[in-house]
Amino acid sequence: MKKLINDPTKTVDEGVAGFAAAHSDLVRVVVDPPFVVVRADAPVAGKVGLVSGGGSGHEPLHAGFVGYGMLDAAVPGAMFTSPTPDPILEATKQVDAGAGVLHIVKNYTGDVLNFETAADLALAEGIEVQSVVVDDDVAVKDSLYTAGRRGVAGTLLVEKIAGAAAERGDSLDRVAEIARTVNSQARSMGLALAPCTVPHAGEPSFELGDDEVEIGIGIHGEPGRERIALEPADRLVDRLIEPILEDLPFAKDDRVVLLVNGMGGTPQSELYIVFRRAAEVLAERGITLARSLVGSYVTSLEMQGVSITLLKVDDELLDLYDAPVQTAALRWGR
Amino acid sequence: MKKLINDPTKTVDEGVAGFAAAHSDLVRVVVDPPFVVVRADAPVAGKVGLVSGGGSGHEPLHAGFVGYGMLDAAVPGAMFTSPTPDPILEATKQVDAGAGVLHIVKNYTGDVLNFETAADLALAEGIEVQSVVVDDDVAVKDSLYTAGRRGVAGTLLVEKIAGAAAERGDSLDRVAEIARTVNSQARSMGLALAPCTVPHAGEPSFELGDDEVEIGIGIHGEPGRERIALEPADRLVDRLIEPILEDLPFAKDDRVVLLVNGMGGTPQSELYIVFRRAAEVLAERGITLARSLVGSYVTSLEMQGVSITLLKVDDELLDLYDAPVQTAALRWGR
Amino acid sequence: MTAGETTLDGAWTRRWIEAVAAAVAERKSALTALDRAIGDGDHGENLDRGFQAVLGKLDALDEQPTPGAVLKLVATTLISTVGGAAGPLYGTAFLKGAMAAGDRQALDAAALVEVLTAARDGIVARGKAEPNDKTMVDAWGPAVEAAAAAGDDVRAALEAAAGAAEAGAVATEPLVAHKGRASYLGDRAIGHRDPGAESSALILRVAAETQ
Amino acid sequence: MTAGETTLDGAWTRRWIEAVAAAVAERKSALTALDRAIGDGDHGENLDRGFQAVLGKLDALDEQPTPGAVLKLVATTLISTVGGAAGPLYGTAFLKGAMAAGDRQALDAAALVEVLTAARDGIVARGKAEPNDKTMVDAWGPAVEAAAAAGDDVRAALEAAAGAAEAGAVATEPLVAHKGRASYLGDRAIGHRDPGAESSALILRVAAETQ
Ligand SMILES: Nc1ncnc2c1ncn2[C@@H]1O[C@H](COP(=O)(O)OP(=O)(O)O)[C@@H](O)[C@H]1O
Ligand SMILES: Nc1ncnc2c1ncn2[C@@H]1O[C@H](COP(=O)(O)OP(=O)(O)O)[C@@H](O)[C@H]1O
Ligand SMILES: [Mg+2]
Ligand SMILES: [Mg+2]
Ligand SMILES: [Mg+2]
Ligand SMILES: [Mg+2]
């Protein structure tokens, strides 16, 4: 394990401190209880507050998406470990401007339980909270026999679009409804060529042979559902995109946002090779590529791999997607 | 070597094709001679054209910086190999609007020679061309006994600021002068924790032990000047930033842009840990952190590592830095 | 002090928790290794962070706390320091246990069974896991039943609970998981022991060994 | 055809270039390995791309081309397909060589020396390297001198050039580089052969072996 870190137990603290130093125009960091990253001008009068969070190690998610038109606060937990209720409550209080607060929660038992407790506590303090649970990962069967689908890269799209709705002044109910719509129309799937290593663990999250690929990974370095021999990128893209297309299903003449997301250690040139094939598949199916986003946005430390997300959009969702956003990791229109 | 690629000899072509598909609102790709990535609305009437290029494998440099307020065209060569004069000439013609064209060239023998030939050919076709050679890497001694300093991450700042000057309507002479000023006030140095592998080579560019760091690397996977035992991030940052500070030198009350640049396989959280210490050093020296940029912008494929760049700025350079930019990889104000 | 003489008072509860903290610290890597196989490799780290925080707070207790007061301190500290799935689940377990212990100065066997039952019910209420879903419930369920069947002797009850929890943890190995991260793995979870069941058995084993 | 009878006409020049393409393809990995040690690991790949492109263009030549015409085709093709440092340098070498060959139907020993001299001067003019800077100049310089000293026999001149270039390439090993990427390495370049000097020696060795 070779990393640009100091004390393995301080990587989250130091990373957040560096983030705060680099982006003091966008955010402030509340350090007690550690850590909450809050939009510099929060609470924004009259606006619904958006809070997300979860285990660290997925950067830029979530702190990188705090700012105008997206999140009002991010709550980074320990590495790959959901935050406890205290900082979630603190974030909720910091961003509440009286219009209520939306919690955007990725569907993991720990995240759901801790956000649940925080929402109860916020309610007890008189803050109206709604929660949206994101579960866009088609690699996991959504059945009674699993913890349900995981929230992965689609989270970014939920945060962007719900954030734009909040920024234009929508009510808490409406923002929550839009967030749920985005979640219900987003599907993702990912793969890894190489695992990641949690600093304090010191060992990779799983072992992969030199010619193996892990298909259907989550974003916590957990193993996927299937291990196969390495194949050309185009073939691997097909393996990711077919289950996505079938699941919603996406149909001819649908308009979609295509997000090709790197897992942290994947060079951009490879993401574009993946994008090329994904766009080709969409064209073959007569699906319209409305918007493209390519980058490492929802990551697993230095994992080498990629995920593909498709979001089906209508005019309203597209307008909200296009609306100005000014955060450390996503910025346009401002 | 595990990569998301198809045919190793087609990685550049397919990556550029994917880039073009993802960013058709920003760029068009001219494929004969392959490849030139041109700003969608080029040539822009009355504006000086900016052309840069070089070996591929440094993505998002340069194609990711084509667009409003930055480059008018990028010329991607083969992997880590400077492009030949033909596509450079083609790019020059595509962006010339009569106000002349600036070539931004990283200081490598191959890049300099091929851009030189292209400039001669352009001149023969009646296009006024000036060239700026970027050489910001303090790891290399600038003496009669070397090929001179390399152009590394500082290139991004030259492209951004010269691009803004061109966008506001400056003359070719003035844009070239500003580009040279930026280069003369920028200093960089990088390190690697792990090498990269050129797809067609199939073997890493150098070997590093599990506890070794290569200090003073370039951006072509070439070995650095020194190999040391792995140290905590803060100590490594000191090793990079000290020679940078001494070289210009940067002094108390100087205002600087601090760029912490990932080499391709480094997770963002580690870049912020590096940023934290770099900002701390600046504060200790009484140097003012005017602007911060953190990300993987000038890379070496999947290399794990980081470089630090400091640019000394005055009001004019800062205004140009802040000016709107709309490219695939850098975007603000629009 | 010989076996059978133990009184499960606040001081005992405190000794137990201190011993749990030591045992978790010692078994941290092993618990994390189990979690790496079918989860995200942080279970040992999470619990250790929590119990170390508990250690730092024990001195804030009254000099002669009730068992309930100790359990409540453990609960709130775990809730606010562990995170993940285990934080709220163990937090709820200790909180419900504390409520069941009430103001009692010491727990007899019947009260112990009440506490263990409340803890298990708390975990089930929050996590919605059923038996054989390959979770910590598979340790707590058998533990409660064995303690209830052990009669009036607290030491026998503790020993029965520990043994049943350990057997329950081992019995998670052949299972497919239906809750928690391991459920994402489908059949690939088979053959691995559930880390939360293992840590639950450890906590109860330490109780049985605490004098 | 026996030694000494060879005429360095256009057909010979074409056979030479075809043989160079084959030799470069064969030695590609070895050249790249040299470049990986002290450069960026692409020299073999670069040259191979260039000479394969040349092969594809040779048929566009006249049926009986002059040596100069072949050299010029090689020059323009290398310039537009190789890139990097070697592309312009070899391109210039072949271009200047072509200009020195002029309209001649064949090269005698004196003309051969003129061509080699022009090639070397072209490389020096573009790359500004001096002898012992650890570049391809260290192969071309000795080659020109040896050919000039070899007298009137073209085969002897070719053999002398090849031998001197090979010795020159080997002699780059102990040097610190002052030009090209290897110059970034300082003392760490010592002990490695310059890839461009090696490929230059290869090109000249193939010439000496081409009948
Ligand atoms: N729904 C649930 N009900 C009961 N126990 C659960 C549930 N989900 C997870 N667990 C327990 O939590 C353990 C994992 O804890 P931990 O690794 O600390 O949290 P996380 O999964 O968030 O990383 C599992 O081994 C399992 O015993
Ligand atoms: N200034 C120069 N003068 C002469 N030869 C040079 C010069 N710079 C580099 N070379 C030659 O070019 C070779 C490297 O070629 P190549 O690897 O194809 O290009 P690049 O260095 O751009 O990757 C070196 O081994 C050296 O012989
Ligand atoms: Mg976890
Ligand atoms: Mg090269
Ligand atoms: Mg876990
Ligand atoms: Mg090279």
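Fair warning: this is a prediction, and the values are worked out from it, not measured in the lab. Labels below follow one simple rule: chain letters A, B, ... track the order of the sequence lines, proteins then strands, and each chain is numbered from 1.
- Taking 4.0 Å as the cut-off between side-chain N and carboxylate O, A/Lys2 and B/Asp210 do not count as a salt-bridged pair.
- Salt bridge B/Lys3/B/Glu302: present, at least one basic N to carboxylate O contact under 4.0 Å.
- Taking the centre of each ring, A/His58 and A/Phe80 come in below the 6.0 Å mark.
- With a threshold of 4.5 angstrom between heavy atoms, B/Leu193 approaches chain A through its backbone and through its side chain.
- Residue B/Thr299: no heavy atom, backbone or side chain, is found under 4.5 Å from chain A.
- Contacts between B/Leu230 and chain A at a heavy-atom distance below 4.5 Å involve the side chain alone, from C-beta outward.
- Remark: B/Arg334 is positioned above the aromatic ring of B/Tyr68, its terminal NZ or CZ atom under 6.0 angstrom from the ring centre and at most 45 degrees off the axis.
- Only the side chain of B/Gln304 comes within less than 4.5 Å of a heavy atom of chain A; its backbone N, CA, C and O stay farther away.
- Only the side chain of B/Leu289 comes within contact range of chain A, with heavy atoms under 4.5 Å apart.
- If you measure heavy-atom distances from B/Leu258 to chain A, you find no contacts under 4.5 Å at all.
- For A/Ser296, no part sits under 4.5 Å from any heavy atom of chain B, backbone or side chain.
- Looking only at side-chain heavy atoms (C-beta outward), A/Leu191 and A/Leu236 come within less than 4.5 Å of each other.
- Salt bridge status for B/Glu207 with B/Arg227: absent, with no side-chain N to carboxylate O gap under 4.0 Å.
- The ring of A/His23 has its center closer than 6.0 angstrom to the ring center of B/Tyr272.
- In this structure, chain A has heavy atoms under 4.5 Å from both the backbone and the side chain of B/Asp234.
- The greatest number of non-hydrogen atom pairs below 4.5 Å with chain A, out of B/Thr11, B/Val294, B/Leu330, is found for B/Thr11.
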